[in-house]
Every structure is written in C-alpha cells, then in structure tokens.
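Single-structure report; data block below.
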Amino acid sequence: MKIATWNVNSVTARLPVVSKWLEAERPDVLCMQETKCIDDKFPREAFLELGYSSETFGQPTYNGVAIVSLAECSEVLRGFPEDEPEAQARMLAAKIEGVRIINVYIPNGGEVGIDKYYFKLDWMKRLRSFLDSYAGADEMVLLCGDFNVAPEDRDVHDPALWEGHVHVSEPERAALEEIKAWGLVDAFRLHIEEDKHYSWWDYRAGAFRRNAGLRIDHIWVSKALAVRCRAAWIDKEPRRWERPSDHTPVVAEFD
DNA sequence: ATGGTTGTAAAACAA
C-alpha cells in the first residue's frame, strides 16, 4: 500500500500536474491540502478517469482537504466533532483498507505572536485531543498532511536564518511533539536520516533552484503501521514541472 | 529587514 500527501495549492490550478503524477506513481491513496475548492466544484470526474474516487472537504478560496483513493473509503469524518459549521476546512479522516487516515492542513500561523499564530497552536492542541478520542494507539493510524512545522533544524535549509520564526519556533515544535506523543513516528525518518530533504520551497527568489526549503509535510504512523513501513521518500520531481505547487509529494509504502 | 511569486478573484489577502 502506497500512501502520499501533497499540498497542491489549488486542486483546479494543479489538476494537470496532479494527474500526471498519479498516472506515473499510482499511489493507493493521495491526501491533498489547500484544495481551495468547494465540494461541488471538485474535479472528481477527472480523478475517476484515473481510477480514483474522491472524498472532499472544501470551502471557497482558502484551505480545503481531499482524499483520493483506489480502494473504497469508510467512516469519513469532515472536521473536528466540536467544530462549528463555518470552521475552516482543515481535517478529513477516513478508513481505507483497515488504516485510519487523518489528512490535515495545519494552519500556517502567519508570523510569531499574531492571532493566526495562536490559532495555529490551539488547532494543534485540538488535533491531539481529537487523536485521543478517535483511535487507540494499538490501531493502524496514519496522520499526514501539511503540518506547517519543520520538526528539527536538519529539516531547515538555513536554521540560523529561520531561528525563532514561524514553522520552526519552540512552541510550534512543542505542540508537534505533543501530537507525536500520542504514539506516532515519522515514516520519513524511519528510512532517511540525512538533512537537506525538503517538501516545500518558496515560489520566490529561486528558492527551489537553491534548495532553500523546509520539510513541513509529513506522514506519521502508529507502531502497528511503522512495522509495515517498507520505504518513505520525498518526490522532488513534480516541483520541477510547469506550474508547480510550492510543495511536493511525500510518499510512504507499506507491506 | 525587505522583496521576491502564486492562487483566488476581482482588491486585497493568504501563503
């Protein structure tokens, strides 16, 4: 079973690139973030032609998450149980082939100290609470998405430049550790220890060309899945294609 | 520190 996560930065703008990648890589599941697309406008027919059915949780203009998969989804959950109807669309969970998949778009945070930053920290706290109620640590659970946090300095191209900034600040990393402490491990770090592997590069200032990126997109798995994790990697290739997302897919394979 | 780019949607705003 091959599972991928990708912040596509608009599923409609990115449809050519996402379709090309799905045809080439054929993951069983692709979790997308920042679809920026209401459910009625989601290009589900285009995905069906590639063999994928879609579960969507979108809103106009901002945010939005979706899961496309070859196998059937069950127990689909859109947003946290306590969310108000107008809450930002950032979490979509589903059970696929016995695995509980939780697809999240953790808030960006803007910059340290502003309202959006505290909203991010609070959202992360609520994600941990959600995990507590959603599943037992002995189950097969996969949490993936754009976490908008680089867990360690080896996930940052220039730690001195980024020190104290949003995506790497201590409170964000602590909130991330709280989520991890539920019982998850980073699938990528099960297989690759070295630095300079990133999943996002700013569109500006030739960041991708200079590999000036951050590893902020992640696939985290419970112990029951970790023992089945055969490989994990970041696929930089689609970031080189025409009209790319600023993020690139993270992939994990399971026996 | 600033400015650099992209998407949505039609001027800012978010990232």
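Letters go in sequence order (proteins before strands), and every chain restarts at 1.
- Comparing the P positions of B:dG3 and B:dG7 gives an interatomic distance of 22 Å, to the nearest angstrom.
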Taking protein heavy atoms under 4.0 Å as touching, what does nucleotides 5-15 of chain B look like 5' to 3' if B marks base contact, S marks sugar-phosphate-only contact and - marks none?
BSSSS---BSB
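- Taking A:Lys236 as the reference, A:Trp201, A:Phe208, A:Asn211, A:Arg240 meet the side chain to side chain contact (heavy atoms under 4.5 Å, CB included) condition, with sequence neighbours excluded.
- Taking the P atom of each, B:dA9 and B:dA15 are spaced 15 Å apart, rounded to whole Å.
- In summary, A:Arg78 and A:Asp83 do not engage in a salt bridge, as defined by a charged side-chain N under 4.0 Å from a carboxylate O.
- Going from the P atom of B:dG4 to that of B:dT8 covers 22 Å, rounded to whole Å.
- Scored by the side chain to side chain contact (heavy atoms under 4.5 Å, CB included) test, A:Ala174 finds no partners at all (sequence neighbours excluded).
- Pairs engaging residues 70-101 of chain A under the ring-ring contact (aromatic ring centres under 6.0 Å, His included) rule: A:Phe80-A:Trp123, A:Phe80-A:Phe130 [sequence neighbours left out].
- Spacing of P atoms, B:dT6 relative to B:dT2, comes out at 23 Å, to the nearest Å.
- If you take CG of A:Leu161 and C1' of B:dG3, they are 13 Å apart, rounded to a whole angstrom.
- For A:Tyr52, the ring pair (Phe, Tyr, Trp, His ring centres under 6.0 Å) criterion is met by no residue, not counting sequence neighbours.
- For A:Pro16, there are no side chain to side chain contact (heavy atoms under 4.5 Å, CB included) partners at least two apart in sequence or on another chain.
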